[in-house]
Amino acid sequence: MTINIKKCTLEDLRQLQEISYETFNETFKHQNSPENMNAYLERAFNLEQLEKELSNISSQFFFVYFHHEVAGYLKLNTNDAQSEEMGDESLEIERIYIKNKFQKHGLGKYLLNKAMEIAMEQNKTKIWLGVWEKNENAIAFYKKMGFVQTGAHSFYMGDEEQLDFIMTKIVS
Ligand SMILES: CC(=O)SCCNC(=O)CCNC(=O)[C@H](O)C(C)(C)COP(=O)(O)OP(=O)(O)OC[C@H]1O[C@@H](n2cnc3c(N)ncnc32)[C@H](O)[C@@H]1OP(=O)(O)O
């Protein structure tokens, strides 16, 4: 099994947009209206928005490759780039998405370990994320990886307010 990882640069903008759309769509389209999905996809993944995020020094994106094909991606935030005020000692996993056909091959765990490695290098004490309360698959995965629920925050999918569980793991 060949797994590789690469940190994204501005040159990866279009490929990042492609995988962001594809994975978000296949994960959530069955539980959300097309209107809300389209509104979210357009707001979160337009080229201008992604370019801004890729240029932010407190955010990092990575592609994970399975046998040389891009299979998923990871987005990490520190400092002010975090979507909640968690402080300078925390690192946020904002997005960890593996394409359907590559799931359950250890790639999610590989990306989580990468996040943990970066958190350690940067002397962070906590790693945290927000996950939709109805995303049972991801919640089970995070629990398996040692995260526990520590809070909740609301989140807008189009015009619908949804609840995200905040899950945290101590860096060790
Ligand atoms: C912060 C956010 O981004 S929230 C949104 C999260 N992303 C999504 O929902 C997108 C769609 N889903 C995915 O991308 C993937 O399914 C992920 C990221 C949730 C998991 O990645 P995968 O590559 O499928 O998981 P991976 O194969 O690495 O599994 C790692 C371990 O978790 C376990 N696991 C994975 N999914 C589940 C599950 N649904 N229930 C129980 N255990 C699970 C595996 O059995 C494995 O255990 P092991 O270490 O004992 O072998």
Side-chain angles (χ1 to χ4, degrees), residues 1-6 8 15-32 36-37 40-41 43-45 49-50 53-54 56 58-78 81-86 90-119 124 126-158 160-169 171-172:
M1 175 164 86
T2 323
I3 302 179
N4 288 300
I5 190 164
K6 182 191 97 154
C8 301
Q15 201 170 10
L16 179 63
Q17 184 187 45
E18 226 170 82
I19 193 168
S20 302
Y21 261 83
E22 179 182 338
T23 52
F24 197 89
N25 207 28
E26 60 185 19
T27 306
F28 298 116
K29 69 178 177 198
H30 304 295
Q31 290 167 289
N32 291 280
N36 284 341
M37 284 294 290
Y40 184 88
L41 289 168
R43 181 171 61 80
F45 303 132
Q49 177 62 27
L50 288 179
E53 294 178 19
L54 272 169
N56 187 335
S58 298
S59 295
Q60 303 186 65
F61 287 85
F62 296 88
F63 286 151
V64 64
Y65 296 83
F66 191 72
H67 295 304
H68 309 293
E69 193 180 333
V70 178
Y73 76 104
L74 171 70
K75 181 185 180 199
L76 303 178
N77 297 324
T78 51
Q82 294 176 96
S83 31
E84 290 280 334
E85 282 186 22
M86 291 290 188
S90 291
L91 177 141
E92 176 187 14
I93 297 182
E94 187 183 349
R95 300 192 191 277
I96 177 165
Y97 283 79
I98 306 294
K99 290 181 187 176
N100 267 350
K101 67 173 175 170
F102 294 111
Q103 288 175 14
K104 305 267 161 52
H105 288 75
L107 297 175
K109 185 174 178 173
Y110 183 88
L111 289 180
L112 247 175
N113 287 339
K114 176 73 182 176
M116 194 52 82
E117 194 184 299
I118 291 173
K124 305 296 182 193
K126 271 192 324 188
I127 189 159
W128 72 278
L129 55 92
V131 55
W132 188 27
E133 60 174 337
K134 293 189 181 163
N135 190 348
E136 290 169 8
N137 177 53
I139 291 169
F141 164 75
Y142 293 129
K143 282 188 178 156
K144 184 85 197 277
M145 296 291 104
F147 283 75
V148 291
Q149 193 188 340
T150 49
H153 66 190
S154 62
F155 160 93
Y156 276 87
M157 175 72 91
E160 189 186 318
E161 188 175 2
Q162 301 185 343
L163 191 72
D164 266 3
F165 291 151
I166 291 179
M167 300 184 77
T168 304
K169 185 173 174 170
V171 174
S172 57

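Hydrogens, waters and symmetry mates are skipped; everything else that's a heavy atom, side chains included, is used. One-based numbering, in listed order, for ligands and for the atoms of each. In what follows, residues are counted from 1 in the order of the sequence shown.
Scanning the protein heavy atoms around atom 7 (N) of ligand 1, the nearest turns out to be I96 O, 2.9 Å. Closest to atom 14 (O) of ligand 1, if we only count protein heavy atoms, is I98 N, 2.7 Å. Summary of contacts: the protein heavy atom closest to atom 24 (O) of ligand 1 is K104 N, 2.8 Å. When only non-hydrogen protein atoms are considered, atom 39 (N) of ligand 1 lies nearest to N137 OD1, 2.6 Å.
Residue-to-ligand polar distances keep Y110 apart from ligand 1: every N/O pair is separated by 3.5 Å or more. Between I93 and ligand 1, no pair of N/O atoms sits closer than 3.5 Å.
Put simply, OG on S172 and CE on M116 are 6.5 Å apart, with the number rounded to the nearest 0.5 Å. Here the NZ atom belonging to K99 is positioned 8.0 Å from the CD atom belonging to E26, to the nearest 0.5 angstrom.
The shell of residues lying under 4.0 angstrom from ligand 1, judged by heavy atoms, includes M145.
For atom 44 (C) of ligand 1, no protein heavy-atom neighbour is found at a distance under 4.0 Å.
Within the set K75, Q103, E94, the minimum heavy-atom distance to atom 12 (N) of ligand 1 is found for Q103. The closest non-hydrogen atom to atom 33 (C) of ligand 1, taken over K144, K143, K99, comes from K144. Considering N113, L74, N135, I139 only, the shortest heavy-atom separation from atom 9 (O) of ligand 1 involves N135. Selection from G72, A71, A140, A138 by nearest heavy atom to atom 40 (N) of ligand 1 gives A140. Remark: among candidates F24, F141, F165, the nearest residue to atom 20 (C) of ligand 1 is F141, based on non-hydrogen atoms. For atom 23 (O) of ligand 1, the choice among G106, S83, G108 with the nearest heavy atom turns out to be G108.
Ion pair K143/E136 not flagged as a salt bridge, since none of the NZ, NE, NH1 or NH2 atoms sits closer than 4.0 Å to an Asp/Glu carboxylate oxygen. A salt bridge is defined here as a Lys NZ or Arg NE, NH1 or NH2 lying under 4.0 Å from an Asp or Glu carboxylate O, and E53 with K75 meets this definition.
Under 4.0 Å from ligand 1, the heavy atoms of T27 that appear belong solely to its side chain. Heavy atoms of Y142 found under 4.0 angstrom from ligand 1 belong exclusively to the side chain. Of all the heavy atoms of H105, the ones lying under 4.0 Å from any atom of ligand 1 belong exclusively to the backbone. Both the backbone and the side chain of K109 come within 4.0 Å of ligand 1, judged by heavy-atom distances.
Partner of M86 under the side chain to side chain contact (heavy atoms under 4.5 Å, CB included) criterion, chosen from T168, L91, I166, T78: I166. For the ring pair (Phe, Tyr, Trp, His ring centres under 6.0 Å) with F102, the qualifying choice from F66, Y97, Y110, Y73 is F66, the only one to do so. Considering Y156, F155, F28 as possible partners of Y40, the one that fulfils the ring pair (Phe, Tyr, Trp, His ring centres under 6.0 Å) test is F155.
N77 approaches S59 most closely through the heavy-atom pair OD1-OG, 2.8 Å. For the residue pair M37 and M157, the shortest heavy atom distance occurs at SD-CE, 4.3 Å.
At least one donor-acceptor pair closer than 3.5 Å links the side chain of Q103 to the backbone N or O of I98.
A side-chain N or O of Q162 and one of W132 form a donor-acceptor pair less than 3.5 Å apart.
Interface of G130 with ligand 1, defined as ligand atoms under 4.0 Å from a residue heavy atom, comprises 1 (C), 4 (S). Atoms of ligand 1 lying under 4.0 Å from at least one heavy atom of R95, given by number and element, are 3 (O).
Heavy-atom contacts from other residues, nucleotides or ligands closer than 6.0 Å to CD of E161 number more than 12.
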